[in-house]
Amino acid sequence: MSIDPSSIPNFGGRPEPEPASGGAAPVVVPDQDLVKQLLDQMELKYVVDDEGDLAAPWEEFRTYFMFRGDEEQQVFSVRTFYDRPHQVDGKLQLLELIDDWNRRTLWPKVYSHVHEEEDGPPTVRLIGEAQMLIGTGVGIDHFVSSTVSWVRASIEFDKWLVEQLGLEPGDEKPEDV
């Protein structure tokens with residue numbers, strides 16, 4: 001099944017086209033090929049990693065599009081790994097910020113992970129995630145709009161965090177430190 005370009009949400013301020021009349025949107029069980037079509041239509045570059053997961057790389061993070069579970073309980077997950085390292089001794093401030101984000105937004109839900117560095121002290125990294133149960137199928141319009149929204153929200157989280165911490169893209173610590 002291909003994606004109808006009019007089903008991709010428009011975040012550019014132009015009016016949305018009127019939906020076509022004639023019934024409910026088709027139900028599909030999404031797969032990696034459908035996600036690739038969507039990423040192509042969004043004009044996003046992507047790669048398939050060594051584990052077979054689809055990933056869209058940005059400068060400061062990577063977003064993975066993963067399918068997990070068996071046929072009846074399959075989950076589609078959009079998981080973003082933010083590459084900016086944070087000091088372990090600043091983890092409390094970071095947790096307060098991501099708790100604020102998680103309270104005020106639907107997605108991605110963000111959590112922390114202590115990352116062991118090869119050539120230095122451990123750092124804190126952030127991961128954002130949104131999931132959808134797709135085992136029995138999902139409306140194509142719902143799948144497309146959710147996936148696009150999750151990608152946009154992942155980008156917005158990075159911008160929001162940079163602003164909250166007073167960072168410039170690529171910086172590892174606040175400007176006033």
Side-chain angles (χ1 to χ4, degrees), residues 1-12 16-17 19-20 22-86 94-95 98-99 101-116 123-161:
M1 158 157 275
S2 65
I3 298 168
D4 175 9
S6 67
S7 68
I8 297 174
N10 177 359
F11 294 97
E16 297 272 339
V27 172
V28 298
V29 177
D31 60 12
Q32 193 175 73
D33 289 335
L34 185 62
V35 176
K36 285 178 181 178
Q37 287 180 38
L38 178 56
L39 295 175
D40 285 338
Q41 289 187 15
M42 293 171 65
E43 298 180 1
L44 294 176
K45 294 179 182 176
Y46 58 86
V47 297
V48 177
D49 72 7
D50 294 339
E51 295 174 11
D53 292 321
L54 195 59
W58 275 266
E59 215 169 291
E60 299 293 335
F61 55 92
R62 305 165 319 288
T63 299
Y64 286 82
F65 304 87
M66 302 178 289
F67 296 88
R68 298 291 189 263
D70 61 31
E71 280 185 32
E72 292 191 20
Q73 296 296 317
Q74 190 173 35
V75 172
F76 172 63
S77 177
V78 175
R79 191 176 294 170
T80 302
F81 294 86
Y82 297 94
D83 295 328
R84 186 177 291 108
H86 302 275
L94 201 55
L95 291 177
I98 63 176
D99 281 352
W101 171 269
N102 288 335
R103 275 191 301 276
R104 296 187 301 135
T105 63
L106 293 174
W107 53 72
K109 293 305 179 194
V110 180
Y111 54 94
S112 68
H113 169 74
V114 175
H115 182 78
E116 298 295 328
T123 60
V124 178
R125 303 289 176 105
L126 300 178
I127 302 163
E129 185 170 15
Q131 298 182 4
M132 175 188 304
L133 185 61
I134 59 167
T136 59
V138 62
I140 185 72
D141 293 341
H142 175 69
F143 179 78
V144 168
S145 65
S146 294
T147 303
V148 170
S149 294
W150 295 346
V151 169
R152 299 244 183 223
S154 294
I155 295 166
E156 287 305 311
F157 173 76
D158 188 63
K159 291 178 185 176
W160 178 85
L161 187 66

Problem - Val114 and Thr123, any side-chain heavy atoms less than 4.5 Å apart - result: no

Problem - Arg68 bridged to Asp53 by N-O distance under 4.0 Å - result: yes

Exercise for the section: List the steps, then state whether side-chain contact (heavy atoms from CB on, under 4.5 Å) holds for His86 with Leu126. Expected result: CA-CA 9 Å; His86 302 275; Leu126 300 178; 4.3 Å; yes

Practice task
Under the side-chain contact (heavy atoms from CB on, under 4.5 Å) rule, what do Leu44 and Val151 come out as? Steps first, then yes or no, please.
Solution key: CA-CA 10 Å; Leu44 294 176; Val151 169; 4.1 Å; yes

Completion exercise
Residues at least two apart in sequence or cross-chain that pass ring-ring contact (aromatic ring centres under 6.0 Å, His included) with Phe81, listed by chain then number, are Tyr64

Handout entry: Donor-acceptor contact present, side-chain Asp49 to main-chain Leu54, <3.5 Å
Key = no

Exercise for the section: Any chance you could measure Thr105, atom OG1, to Trp160, atom CH2, to the nearest 0.5 Å? Expected result: 8.0 Å

Exercise for the section: Quick one: pull up CG in Asp141 and OG in Ser146 and give me the separation to the nearest 0.5 Å. Expected result: 10.5 Å

Practice task
I would like to know whether Ser112 and Leu95 meet side-chain contact (heavy atoms from CB on, under 4.5 Å); could you show each step before the answer?
Solution key: CA-CA 8 Å; Ser112 68; Leu95 291 177; 3.6 Å; yes

Problem - Listed partners of Phe143 passing ring-ring contact (aromatic ring centres under 6.0 Å, His included), at least two apart - result: Phe76

Handout entry: pair Val124-His115: side-chain heavy atoms closer than 4.5 Å
Key = no

Fill in the blank from the handout: Scanning both residues in full, the closest heavy-atom pair of Val29 with Thr136 reads CG2-C, 4.3 Å

Handout entry: Exercise: identify the closest heavy-atom pair between Pro30 and Phe67
Key = O-CE2, 3.4 Å

Exercise for the section: Check whether any side-chain N or O of Gln32 sits under 3.5 Å from a backbone N or O of Gly52 as a donor-acceptor pair, and report yes or no. Expected result: yes

Handout entry: Shortest non-hydrogen separation from Leu34 to Asp31 and the atoms involved
Key = N-OD1, 3.0 Å

Handout entry: Spacing of CD1 belonging to Ile98 relative to CZ belonging to Arg103, to within rounding of 0.5 Å
Key = 10.5 Å

Practice task
Return the minimal non-hydrogen interatomic distance between Tyr82 and Gly128, and the atom names on each side.
Solution key: CE1-N, 3.9 Å

Fill in the blank from the handout: CD1 of Ile127 to OG of Ser154, rounded to nearest 0.5 Å, is 12.0 Å

Exercise for the section: Could you tell me whether Lys109 and Glu129 have a side-chain N and a carboxylate O separated by less than 4.0 Å? Expected result: no

Handout entry: Atom pair CG/CD of Asp158 and Glu59 - distance to nearest 0.5 Å
Key = 10.0 Å

Practice task
Return the minimal non-hydrogen interatomic distance between Arg125 and Arg84, and the atom names on each side.
Solution key: CD-O, 3.7 Å

Exercise for the section: Kindly say whether Pro108 contributes a backbone atom to a donor-acceptor pair with the side chain of Trp101 at under 3.5 angstrom? Expected result: yes

Practice task
Before giving the answer on side-chain contact (heavy atoms from CB on, under 4.5 Å), spell out for Phe65 and Thr147 the whole-Å C-alpha distance, their side-chain angles and the decisive distance to 0.1 Å.
Solution key: CA-CA 9 Å; Phe65 304 87; Thr147 303; 4.1 Å; yes

Handout entry: Distance-only side-chain donor-acceptor flag, Thr63 / Thr80, under 3.5 Å
Key = yes

Problem - Which atom of Pro57 lies closest to which atom of Ala55, heavy atoms considered - result: CD-O, 3.6 Å

Problem - Straight-line distance of Trp150 CH2 to Ser77 OG, nearest 0.5 Å - result: 7.5 Å

